[in-house]
Amino acid sequence: MKTMRIWFGCVLGLAISMIFGWSYGFFTALLPIMVLMNTDRWTPSIIIQLIVGIVWTTLQVTVISGFLQPYPLLMTVAVGLMLLGKCIAMTNPKTYLFGFSGLLIGSIMFNFGSYTGFDIEDFSITLWMCGLVTAPITALAYFLFPEPISEQPAPPAASNTQRVDRIGMLRQTALGWIVAMIAFLLFQFGDLQDSLSAQASIFIVLAPMTLIGSMAVAKIRITGTFLGCLAGMIIQLGLYTWINNGLLFLMAYAIAAGFFCRWIAQGSIKSSIAFSAMSALTVPLTTALVPEKKDAFFSILYRFSSIFVAVVLTSLVIWITHHFLVRIIKAPNEQF
């Protein structure tokens, strides 16, 4: 049933974005997956946390960019304080989704907000709508495909990527904040307007906020991206001149999504690979593809190459930062 819920949520989300013609409609396909893959029961707190995180982050970015963009130093300080708050939230499982969504969305908005052609208000409103639509989509998915009463939800797997001691949490927060600030400065000074996938990959790799966790996620991200890009190319080449038929396009997407949703429902490493694959499948086909005008073939190739480079460089930065923090932030029993 979990496979059907996830599949139904992402396909319905994409269909809604196609009907309304949202510029960043891939969020309506990916946000329901984020909710449905983390719980087997309807949990309003996750939806509230996601929506509040999106709205609060977009408001923060709008205010900071609107008032402080002419003052780079003040803006950098304000962004640093904002990202620090997101990293602190990510150290607590109860507020992790709030922190991670804010870190990812905030960084993307700061990057694109530095370009004159980017409409920050349109992006914010679209995100709000995607977040709000996620609530009825997931609720309908749980209603149509409920978990059998005889089956109890599996207890969450114990994770060894999160340290519970204070020194460990301090190192996690510092690691996340330093890498996030490096990414912010890189995208502010570099001309990287067509790098949404690469930027998102940086924070996906950073998500565990530990060296071991990030290295594992880096391998998963590259593998999943390859599979998702391959599926996108198959859809592009398979439909060929029929790619402009919305119904056929949605059916082809639903077939490809079915395989990945099955993996997501199984949990563990397969789930992480499949989620990366779903983002690699969804984003190019909803942003770069313009029926009868532009295909997504070269966009898919660029996406994989940019993500590969971003993941490798991010892993290197995380490794260096981790060893630096271990040497300067020590527990009492680690002193000389």
Side-chain angles (χ1 to χ4, degrees), residues 1-20 22 24-54 93-94 96-98 100-101 127-157 159 204 220 224 227-228 231-232 234-235 246-283 285-286:
M1 283 298 179
K2 189 170 184 177
T3 301
M4 294 301 299
R5 282 197 301 270
I6 297 173
W7 176 82
F8 175 81
C10 69
V11 173
L12 179 59
L14 179 64
I16 292 174
S17 70
M18 291 173 62
I19 292 173
F20 290 99
W22 289 339
Y24 305 95
F26 58 87
F27 283 111
T28 56
L30 298 180
L31 289 180
I33 297 178
M34 292 178 62
V35 174
L36 295 169
M37 68 186 293
N38 287 312
T39 178
D40 292 326
R41 298 285 187 269
W42 170 249
T43 309
S45 61
I46 293 182
I47 297 293
I48 294 173
Q49 190 178 151
L50 180 66
I51 295 175
V52 171
I54 291 174
K94 294 181 179 180
Y96 178 84
L97 184 59
F98 174 83
F100 178 70
S101 61
L127 269 180
W128 295 354
M129 295 304 300
C130 292
L132 292 173
V133 167
T134 299
I137 289 177
T138 53
L140 186 59
Y142 284 113
F143 176 77
L144 294 177
F145 307 101
E147 198 70 18
I149 299 177
S150 58
E151 295 183 14
Q152 297 296 326
S159 173
I204 290 174
I220 290 171
L227 294 175
I234 292 175
I235 291 177
L247 183 59
L248 290 178
F249 171 79
L250 187 62
M251 290 176 61
Y253 175 86
I255 293 172
F259 294 99
F260 297 131
C261 290
R262 175 60 180 168
W263 283 11
I264 292 176
Q266 293 178 1
S268 189
I269 296 177
K270 280 188 176 181
S271 175
S272 301
I273 292 176
F275 182 76
S276 293
M278 281 300 298
S279 63
L281 169 67
T282 306
V283 176
L285 294 181
T286 56

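Only a predicted model underlies this, so the values are computations on that prediction, with no experimental measurement involved.
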- Task: Apply side-chain hydrogen bond (donor to acceptor under 3.5 Å, both in side chains) to W42 and list each qualifying residue two or more places apart in sequence or on a separate chain.
- Result: none
- Query: Atom CH2 in W7, atom CG in L36: separation rounded to 0.5 Å?
  - Reply: 13.5 Å
- Query: Roughly how far, to the nearest 0.5 Å, is SG of C130 from CD1 of I54?
  - Reply: 7.5 Å
- Query: Rounded to the nearest 0.5 Å, how far apart are CZ of R5 and SG of C10?
  - Reply: 13.5 Å
- Message: Would you compute the distance between atom CD of Q49 and atom CG of L97 and round it to the nearest 0.5 angstrom?
- Response: 5.0 Å
- Message: Do W22 and V133 have side chains that approach each other closer than 4.5 Å (heavy atoms only, starting at C-beta)?
- Response: yes
- Could you check L14 against T28 for side-chain contact (heavy atoms from CB on, under 4.5 Å), going step by step and ending with a plain yes or no? CA-CA 6 Å; L14 179 64; T28 56; 5.5 Å; no
- Message: Please check if the number of heavy atoms outside I269 that lie under 6.0 Å from its CD1 is greater than 12.
- Response: no
- Nearest 0.5 Å, what's the OG-CD1 distance between S276 and I264? 9.5 Å
- Please round to the nearest 0.5 Å and tell me the distance separating atom CD1 of I235 and atom OH of Y253. 8.5 Å
Show every donor-acceptor pair shorter than 3.5 Å between a side-chain atom in residues 136-143 and any protein atom, with sequence neighbours excluded, or say none if there are none.
unit_1, atom_1, unit_2, atom_2, d
T138, OG1, T134, O, 2.8
T138, OG1, A135, O, 3.0
Y142, OH, T39, O, 3.1

- Query: Would you say K2's side chain and D40's backbone share a donor-acceptor pair under 3.5 angstrom?
  - Reply: no
- Message: When you compare the side chain of L227 with that of F260, does any pair of heavy atoms fall below 4.5 Å?
- Response: yes
- For residues K270 and Q266, report the shortest heavy-atom separation together with the two atoms involved. CD-OE1, 3.1 Å
- Message: Quick check against the 3.5 Å criterion: does W263 have a side-chain atom that pairs as donor or acceptor with the backbone of I273?
- Response: no
